[in-house]
Visitor: 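Take this structure first; my questions come after.
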Amino acid sequence: MEQKKFDLNSIIGFALIFGILVWIMYQNQPDPKVVAAEKAQKELAIKQAKAKELEEKIVAKATIAVATTGDSTQLAQLQKTLGNFAYSATLPSAKAGVTTIENELVKLTIANKGGYIVEATLKKFEKFKKGSGQLVELIKDNNANLNVQLLTSDNRTLNSKDLFFEPTVTKIGADQVLSMKLKAGANEFLEYKYILKPNDYMIGFDIRSQGLNKVLNTSKPLDLEWDLKTFRNEKSVSYENRYTEIYFEHKEGKVDYAGLGQSEESDLEKATFVAFKQHFFSTILLTKTPFETAKVKSDNLVKDDKIDTTFTKQFKANIPLAFENGELDHKMSWYFGPTDYKTLSHYDKNLEKIISLGWGIFGWINKFIFIPLFGFLSTYIAYGIAIIVFTILIKLAMSPITFKSFLSQAKMKVLRPEITELGEKFKKDPMKKQQETMKLYNKAGVNPMAGCIPALIQLPFMYASFQFFPSAFELRQKSFLWADDLSSFDEIIRLPFYIPFYGNHISLFPVLASIAIFFYMKMTSGDQQMAAPQQEGMPDMAKMMKIMIYVSPIMMLFFFNSYGAGLSLYNFISNLITIGIMIVIKRYFIDSDKIHAQIQENKLKEPKKQGKFQKKLQEVMEQAEAQKALDKKKK
């Protein structure tokens, strides 16, 4: 066997490659100065955080000592840190106490430290499912903060959430009034005032100051910082999170939202309310005098829909509070309650606009037809039956349009042999074929668009239903047949695995709706293919319809498996009724022989005057034909 020779070129090649790699690694080394600076910055940040934590502990200990023993040394220590606000530490309220106020609907717990709401419970609603025994808690376990950043005249920056407020509860008539005062002296304070009326979700909330014009730096506004991590309250994480977002009203009544991305920010001007909206519950801050500016931010906390989660979104709002004559005086309100159209519209503050009903005509259909009609029906009958009756009424109202659509298809089907004949006659001249086809339609009194227009008219109602049912609060935890909650999916089988885009359960109403769609498309696809002959240069509609017969039900099955059962029930009943209407129309109202005789009779009459659309279409065809002839001559 021949021995391999020493390959000097290979050795040199490997050496060069190794040298290049070493050079690249050397060149990409971070600058030692940069590394040192970054390290120093990190160490400084850690040092500052530890110092702040230590300072807070010292302040807390000193506060307790002053409040319990009146230790003057500790008071001096607090004055170095808190300045005038050290006075609040001398009060008996300078301890971790809470005050509770409640009515028939909500229960609020306000902490001495920070003076803000640390628990907000809705007394009429349960989490996840009916009978769970867990009330809906919008605020609990430090998921929310409210802070006013205090800039003092002696260049201190204090946070109200770290300081102790003095609570005082009084009653004005039937209203409960809780005053929380952060004191800088006997008559100098920052006050949060909560006013709770009977049987109401709206709570009055005022922020005002007294005698602080020399304590605080009043040359610029103070920042009100409000943040909330929204608890999951519903069965489906992904479904609830889809409708959880920040809404706001600003710029003279315009209601908008921040978006549904992983992280969304918006700058507001003249804001009148900021709503941390969840699917079925909302926390809203309203103001009597619009905020000049504000910033809101939303971060998605659900990284994987397959994993159970406690929180859905992290919401933050930063609102500058302006001084007037050296003092704060802002009249506001909190809303803690259901995201229910009827309840929100009761306040006449545009709050109902945070419910997504669709834009333009879709919103009008929901607002003026769907909501009043369904609200009336559900007042007298069970919600599941109300959906069925609601669907029947909508479909019956649309039946004249459905009839026109089927009649147009029948006419086109009768004309198909003649259209096919024209196709063969003018096979080599597509433009001429189109012109002659249009003439045939005109003579026969058939509008080829008549079958499309009714379908287009029905589309807004279909889209409106996709907005209405997911937003219908009244369906929440209402049962029907096997569905224990019409606002969530109607699971009948839990799968031991997860199917992408489908989930780990099988919902029955989407299955039924998919079967109904399949049979509806199976029954109509043949007529549509017969009615619409294949046009040269155009896609083969027959093949497309055959594909859609199977694709549409599968799409329905996958997309709606995790949607609310109410929407799937509506689609199931809607398609069943459409099939029934179609069978009745075909059997009792459409006679192909009569239609054929009528068309032949129309041909003998003087052709109808062309409509503007047909006339314009024919002119375009003639111009194209003339241009085509001109191009041939040039060649």
Visitor: Verify whether one side chain among S179 and T168 offers a donor that lies under 3.5 Å from an acceptor in the other.
Guide: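 No pair is found: no donor N or O on one side chain lies under 3.5 Å from an acceptor on the other.
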Visitor: Please determine whether a side-chain nitrogen of the Lys or Arg among E102 and K123 lies less than 4.0 Å from a carboxylate oxygen of the Asp or Glu.
Guide: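 A salt bridge links E102 with K123.
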Visitor: Under 4.0 Å between a side-chain nitrogen and a carboxylate oxygen: does that hold for K331 and D206?
Guide: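 Salt bridge present between K331 and D206.
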Visitor: Looking just at side-chain N and O atoms, do S236 and S488 make a donor-acceptor pair shorter than 3.5 Å?
Guide: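 Judged by distance alone, the side chains do not pair up.
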Visitor: Indicate whether the side chain of Y347 and that of S333 have a donor and an acceptor atom separated by less than 3.5 Å.
Guide: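 Note: Y347 and S333 side chains miss the donor-acceptor criterion.
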Visitor: Going through the checks in order, is the salt bridge (charged side-chain N to carboxylate O under 4.0 Å, His left out) test met by K270 and E292?
Guide: CA-CA 5 Å; K270 299 289 184 181; E292 287 296 324; 2.7 Å; yes
Visitor: Compute the centroid of each ring, for F231 and then for F311, and state whether the two points are separated by less than 6.0 Å.
Guide: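 Ring centroids of F231 and F311 are less than 6.0 Å from each other.
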Visitor: Between K353 and E249 (salt bridge meaning N to carboxylate O under 4.0 Å), is one present in this structure?
Guide: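 No, this pair does not count.
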Visitor: Quick one, L222 with Q149, criterion side chain to side chain contact (heavy atoms under 4.5 Å, CB included). Give me CA distance, side-chain angles, the key distance, then yes/no.
Guide: CA-CA 6 Å; L222 300 183; Q149 198 171 71; over 6 Å; no
Visitor: Assess the pair F370 and F390: is the distance between their ring centroids shorter than 6.0 Å?
Guide: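 Yes.
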Visitor: Using only heavy-atom distances, determine whether the side chains of S263 and D299 contain a donor-acceptor pair under 3.5 Å.
Guide: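 Note: S263 and D299 side chains meet the donor-acceptor criterion.
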Visitor: State plainly whether the residues E166 and K181 are in salt-bridge range, i.e. N to O under 4.0 Å.
Guide: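 No, no charged N to carboxylate O under 4.0 Å.
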Visitor: Could you tell me if K235 sits above the aromatic ring of F489, with its cationic atom closer than 6.0 Å to the ring centre and no more than 45 degrees from the axis?
Guide: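 The answer is yes, since K235 meets both limits relative to F489.
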Visitor: Quick one about Q467 and N366 (side-chain donor to acceptor, distance below 3.5 Å, no hydrogens or angles considered), yes or no?
Guide: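 There is no such pair (donor and acceptor under 3.5 Å, judged by atom type) between the side chains of N366 and Q467.
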Visitor: Which class fits the ring pair F374 and F469: parallel under 30°, tilted 30 to 60°, perpendicular over 60°?
Guide: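 Because their plane-to-plane angle is over 60°, the rings of F374 and F469 count as perpendicular.
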Visitor: Knowing that exactly one of L286, I284, L105, T343 qualifies, which makes a side-chain contact (heavy atoms from CB on, under 4.5 Å) with M202?
Guide: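 Option passing the side-chain contact (heavy atoms from CB on, under 4.5 Å) with M202: L286.
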Visitor: Under a 4.0 Å N-O cut-off, is there an ion pair linking E264 with K297?
Guide: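 The answer is no: the pair does not qualify as a salt bridge.
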Visitor: Passes side chain to side chain donor-acceptor pair (under 3.5 Å), N241 versus K313? Steps please.
Guide: CA-CA 8 Å; N241 202 33; K313 292 279 195 333; 2.9 Å; yes
Visitor: To the nearest 0.5 Å, what is the distance between OG1 on T310 and CG on N143?
Guide: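 Separation between the atoms: 11.0 Å.
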Visitor: Within 45° of the ring axis of Y247 and under 6.0 Å from its six-membered ring centre, is that where the NZ or CZ of K277 lies?
Guide: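 No, K277 does not sit over the ring of Y247.
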Visitor: Would F466 and F560 count as a close aromatic pair, with their ring centres under 6.0 Å?
Guide: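 Yes.
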Visitor: For F336 together with Y201, are the ring centres under 6.0 Å from each other?
Guide: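 Aromatic pair excluded; centres sit 6.0 Å or further apart.
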Visitor: Check the side chains of Q278 and T244 for a donor-acceptor pair under 3.5 angstrom, ignoring hydrogens and angles.
Guide: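 No donor-acceptor contact under 3.5 Å links the two side chains.
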Visitor: Does the distance from a Lys or Arg side-chain N to an Asp or Glu carboxylate O, for E352 and K367, drop under 4.0 Å?
Guide: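 Result for this pair is no, no salt bridge flagged.
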Visitor: Roughly how far apart are I355 CD1 and L351 CG, rounded to 0.5 Å?
Guide: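 It comes to 9.5 Å.
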Visitor: Restricting to salt bridge (charged side-chain N to carboxylate O under 4.0 Å, His left out), what partner residues turn up for D200, sequence neighbours left out?
Guide: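 Salt bridge (charged side-chain N to carboxylate O under 4.0 Å, His left out) list for D200, sorted by chain: empty.
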Visitor: Between F280 and F473, what is the ring plane arrangement, given parallel below 30°, perpendicular above 60°, and tilted in between?
Guide: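 Plane angle over 60°, so perpendicular.
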Visitor: May I ask you to decide whether D154 forms a salt bridge with R156, counting only side-chain N to carboxylate O separations under 4.0 Å?
Guide: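 Salt bridge between D154 and R156, a charged N being under 4.0 Å from a carboxylate O: yes.
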